[in-house]
Structures are given as structure tokens and as C-alpha cells.
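Every chain is numbered from 1 and lettered A, B, ... according to where its sequence line falls, protein lines coming before strand lines. Owing to the predicted nature of the structure, the values given are computational and were not obtained by experimental measurement.
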Amino acid sequence: MRTSSNQWGFLSQSIIMSQYAVLSVGAKSWRCLPCLRTELRLDLTLSCGQSFRWRETGDGHWTGVMGGRVWTLTQTEDTLWYYTYSMQDSEGKVKGRKRSAEARPDGPVKRTRGMITVKEEPAEDQEPKAKTTEHDHKEEELLKDYFQLNVNLADLYKQWGTADTHFKSIAKAFTGVRMLRQDPTECLFSFICTSNNHISRIQGMLDGTPYHDFPTLQVLADSSVESCLRNLGFGYRARFLQQSARQIMDTHDLDWLDSLRSVPYLQAQEALRSLPGVGLKVADCVCLMSLDKAQAVPVDTHVWQIAQRDYRCTVGKGLKSLTDKVYRDIGNFFRELWGPYAGWAQSVLFCSDLKKFQDLKAMAVKKEEVTEVNITNKKNKKT
DNA sequence: GGCCGACCTGA
DNA sequence: CAGGTCGGC
């Protein structure tokens, strides 16, 4: 399977053509938002398996597609910087507005690795300032919505830490792990691909360059899609993808998936489970990561292991794989522990359990041991 | 209702 | 075997 090229690309319109006018922009214009690193850590949040299409394209610079635009994001201790690229169609015409020539004197230096080139646009294509402001406002709102910045993460961490000492010790090194609010269609079809699969292969299937919009329901529902995706290495999941798209098109309105945002958690979960390739785990991922169900706790083998190892949770002990009942019991166990945002808390521990972050976790554990030693010493001194 | 094997693929 | 799900006992 090719992992270097865009696996979905042939199903959707490229936003950026790789051979010419790549990331076509005018004068660079970074904009920013006040945002503490304790509220958002781009590196943790964008690479912990919620979304598979963000890439670190430069040191601390993350590039991906969201809301029909290509974004590059980076951050300092208290500021989130963002940069969007004009969208073009396949004929190379710029569809979005051209960028204004306003530049940040002290903005972060944009660095890219290889694949991305920048073409300058003539400055005369600037649009009136009023429209620019309106447009800028819309992009700021897109970003706030995607990262759910209205949710105060520091407060949640405090609550979870009070209820759960293990969380508290881990959380010190993993602040700012935040739930994204993704597009439901992209989220659903991405997570159908995760079953019985590894992360590296999932990324190979879903990530790619050049940057592109996620394929639409109509495209995915086409009968030719299964064989196409099989040829690209999607395996038996190819059929699930095509069939799920077909079923949604045949039995629901086009906005059915989006409309699940406004129905109760268990109802949304049940609705999703009617789709081929969607069991409890995938349904919970979609509920949590795109349908505003903060209490959904996706229980995979990692989370099950965390429950047993770090919480002495005996639910389902001895079983080789999760039954639906055990799955629900473990979810309830965590919901009772963490409360209505249990799914958000779960993602922090899930993140801390990833192999690539073990060095970070080791630091937290080390601090914890030191703390324990100090407490013990104090006790010893007292007695 | 719960248990078990099959399912694509490649690190 | 891997961040499951499905279909058959």
C-alpha cells in the first residue's frame, strides 16, 4: 500500500494541486487568539488519534484541513497562531478570497518541510477591508468551534483530579489534551477504518498530501468505491464504508449525521450502530469526537487495559475480548468516576498511554514518586 | 444473551 | 497481532 500519497484524494477535489500553485497565498498573514497551553496542546491533541489528517509540517507547526480550508497552526505559552490558505479548484482558480497583505511583524516564522511550496499572489487582488474583517471573524469562529475553546479545560482537569488521584498525577504532564469537534461524516468514515487496525496503517489510509477535502457521502456511496478502496489497501473495511454511505443516503436526509448532534447520547449511539462496520466502539468515537456527546467513553483494548492496570477495574476480567455488556460496564465505571465529561478525561489517559508519549509520562510518574517519597519522609519525621 | 472465528493488510 | 465488527452457534 502506498502511504506516501493521498489515499482519499481520487474521491475528492484537491484543495491544493501539488505540482503548481501549491498553497497559493498572498503576503503572509498570521492571526492569533489568546489561548493558554494548559487549555490546548496542539501536539498532543492533534496526534492522539482523534483526527488522522493533521501533520507536523514544521517545528511545532501543524497543517491540516478543516472547514474547507487548509490551516497551519502553532502556539506559544499563551497564544494560538493560525494561518489559512486560499482554496482552489482543480483548474487552479482561487475560490476563496485572496489574503490581505497585512503581516505580523513578530508572528511566528513559518517553516515547512519540503512538500509545501508557496506561490505569491499579486497584492492587487486584495478585497475591501470590511469584507476582510468579516472573513477573519468567520475563520476565528471556525477555529474556536473546532477546538471547543468555550469549554474550560483547566476547570475540568481540576474536577477530574479531585475525583481521581491517578488522573491527577498523569495530568501534570498532559495538560491541554482537548476534544476536537470534528465533522461527523469525516469522523464516522475515519473510525470505521480503525477497527482491528494499527494507527500507522490508519494514518497511511487517511492521511496524505496534497491536502484535500474529505470525500462526500454521495461519492462514498457509489458502487465503484468498494473496489477502489480495496485496491488502496483498505481491506474488508472498504465494503463497510461504501455500504454505510449507501445506507445513509437511502434511508435518511443528507444532514442526518449532523442532526444527531441534537439527540441524546444513547439515541445517537444506537442510530450509528445501525450502520455496517459500526459497533459500540466506533459509535462512541463518533459521538464523542463529532456529535457533542462528552460522556461517551470509547473503550478499546488500550482503555480496557488502563481500567484494569491503573484502576483495578475487574469488569470483564478473564475475557479475551470485550462483550457489549462489559463494554458498557467499563464506560459506566468511568462515567461514575469522571462525570459528564468522562469522554474528555478518557482521551487524556489514552494520550498518555501512547507509545510516543512514554517519555512525557515517565516524567509525570517520576514526579509522582518524588512526591510520595516526600510525603513518606514527612510522615516518618512526624512519628 | 454470550462466545468464537473470520476478516484485509503489513509493521 | 493490531485502537473491532459481523454472523453463526
Choosing from [options], which nucleotide comes nearest the side chain of [X]?
| X | options | result |
| --- | --- | --- |
| A:Tyr236 | B:dC3, C:dG3, C:dG4 | C:dG4 |
| A:Ser195 | C:dG4, B:dG2, C:dG3 | C:dG4 |
| A:Thr323 | C:dG4, B:dT9, B:dG2 | B:dG2 |
| A:Arg237 | C:dC6, B:dC8, B:dG2 | B:dC8 |
| A:Ile199 | C:dG4, C:dG3, B:dC3 | C:dG3 |
| A:Val282 | C:dA2, C:dT5, C:dG3 | C:dT5 |
| A:Phe191 | B:dT9, C:dG3, C:dA2 | C:dG3 |
| A:Thr301 | C:dC6, B:dG2, C:dG4 | C:dG4 |

Query raised in the report: Who is the Watson-Crick or G-U wobble partner of B:dT9, with both distances under 3.5 Å?
Result: C:dA2
Reckon [X] touches a base, only the sugar-phosphate, or nothing at all at heavy-atom distances under 4.0 Å?
| X | result |
| --- | --- |
| A:Arg230 | sugar-phosphate |
| A:Gly49 | base |
| A:Val278 | sugar-phosphate |
| A:Leu280 | sugar-phosphate |
| A:Lys325 | sugar-phosphate |
| A:Leu275 | sugar-phosphate |
| A:Cys193 | nothing |

Requested in this report: For nucleotides C:dG3 and B:dC3, find the distance between their P atoms and express it as a whole number of Å.
Outcome: 23 Å
Query - Separation between the P atoms of B:dC8 and C:dG7, rounded to whole Å - result: 13 Å
Rounded distance (Å) that lies between atom [atom2] of [N] and atom [atom1] of [X]:
| X | N | atom1 | atom2 | answer |
| --- | --- | --- | --- | --- |
| A:Asn196 | B:dG10 | CG | C1' | 12 Å |
| A:Leu241 | C:dC6 | CG | P | 13 Å |
| A:Arg239 | B:dC7 | CZ | P | 11 Å |
| A:Leu232 | B:dC8 | CG | P | 16 Å |
| A:Lys355 | C:dA2 | NZ | P | 11 Å |
| A:Leu319 | B:dG1 | CG | C1' | 13 Å |
| A:Ile192 | B:dC8 | CD1 | P | 15 Å |
| A:Asn197 | B:dC7 | CG | C1' | 12 Å |

Query raised in the report: Given the rule in the side-chain hydrogen bond (donor to acceptor under 3.5 Å, both in side chains) test, do A:Arg69 and A:Tyr211 qualify, once you have shown the distances and angles that lead to the verdict?
Result: CA-CA 9 Å; A:Arg69 295 159 170 74; A:Tyr211 301 94; over 6 Å; no
Requested in this report: Answer with yes or no whether A:Arg201 presents, from its side chain, a donor or acceptor under 3.5 Å of a partner atom in the base of B:dC8.
Outcome: yes
Requested in this report: Just say parallel, tilted or perpendicular for the rings of A:Tyr83 and A:Trp30, cut-offs at 30° and 60°.
Outcome: tilted
Query raised in the report: Going by the angle between their ring planes, with limits at 30° and 60°, are A:Tyr82 and A:Trp71 parallel, tilted or perpendicular?
Result: tilted
Ion pair check, [X] and [Y], cut-off under 4.0 Å:
| X | Y | answer |
| --- | --- | --- |
| A:Asp145 | A:Arg181 | yes |
| A:Lys325 | A:Asp329 | yes |
| A:Arg328 | A:Asp284 | no |

Requested in this report: Ignoring backbone atoms, establish whether A:Ser200 has a side-chain N or O less than 4.0 Å from OP1 or OP2 of C:dA2.
Outcome: no
Query raised in the report: So, is A:His198 close to the B:dA11 phosphate, meaning a side-chain N or O under 4.0 Å from OP1 or OP2?
Result: no
Query - Residue mapping more 5' on DNA chain C - nearest nucleotide basis, A:Phe350 or A:Pro276 - result: A:Phe350
Report task. For the pair A:Asp164 (side chain) and A:Trp160 (backbone), establish whether a donor and an acceptor sit closer than 3.5 Å, ignoring hydrogens and angles. Result -> no
